[in-house]
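Small disclaimer: the values here were computed from a predicted structure and weren't measured. No hydrogens, no waters, no symmetry mates; every other heavy atom, side chains included, goes into these values. One-based numbering, in listed order, for ligands and for the atoms of each.
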Amino acid sequence: SKKAKIWRNGSTNELEECHQLLGELETHQDAWPFLQPVNLKTVPGYKKIVKKPMDFSTIREKIINKQYSSGEGFKDDVNLVFDNCERFNEDNSEIGKAGHIMRTFFDKRWTELLKRW
Ligand SMILES: CO[C@H](O)CCc1ccc(O)cc1
């Protein structure tokens, strides 16, 4: 995988490391509910219930289009994916369980990154 760039002042390139972490989220076996936007035309109630839809492909576009000024904005969108999931799905449903597993995975990796910045 791509090594994070280390800038002259020793700091890592936060957004480069977010891009790497996004790759880990996308390839996780339980990522399948979160890879693409929820279809607002075919999932009853979703458009009304979930005010700010978010998914991993949209986060990838935002990184590529430089719409995050720091890791904070990236972290907030990843958490939005999991918060939306909890709002719409029962905890013990297949998708609800996937959301909890993915959030635990992300929280651990995010904590590890924060220790290095
Ligand atoms: C991240 O997935 C969304 O929470 C939608 C979940 C969902 C979609 C279709 C269904 O029939 C039920 C749940």
side-chain contact (heavy atoms from CB on, under 4.5 Å) against E90, all qualifying residues, sequence neighbours excluded: N92, S93
When you check ligand 1 against the protein, what N or O pairs turn up below 3.5 Å? List the atom names and distances, or just say none.
unit_1   : atom_1 : unit_2 : atom_2 : d
ligand 1 : 4 (O)  : N89    : ND2    : 2.8

Ring pair (Phe, Tyr, Trp, His ring centres under 6.0 Å) against H28, all qualifying residues, sequence neighbours excluded: F105
Aromatic plane relationship, Y68 with F74 - under 30° parallel, 30 to 60° tilted, over 60° perpendicular: perpendicular
Name of the residue among V78, V81, T111, L22 meeting side chain to side chain contact (heavy atoms under 4.5 Å, CB included) with F106: V78
Aromatic ring pairing F34/F82, orientation class (parallel under 30°, perpendicular over 60°, tilted between): perpendicular
For E94, side-chain contact (heavy atoms from CB on, under 4.5 Å) partners two or more places apart: K97
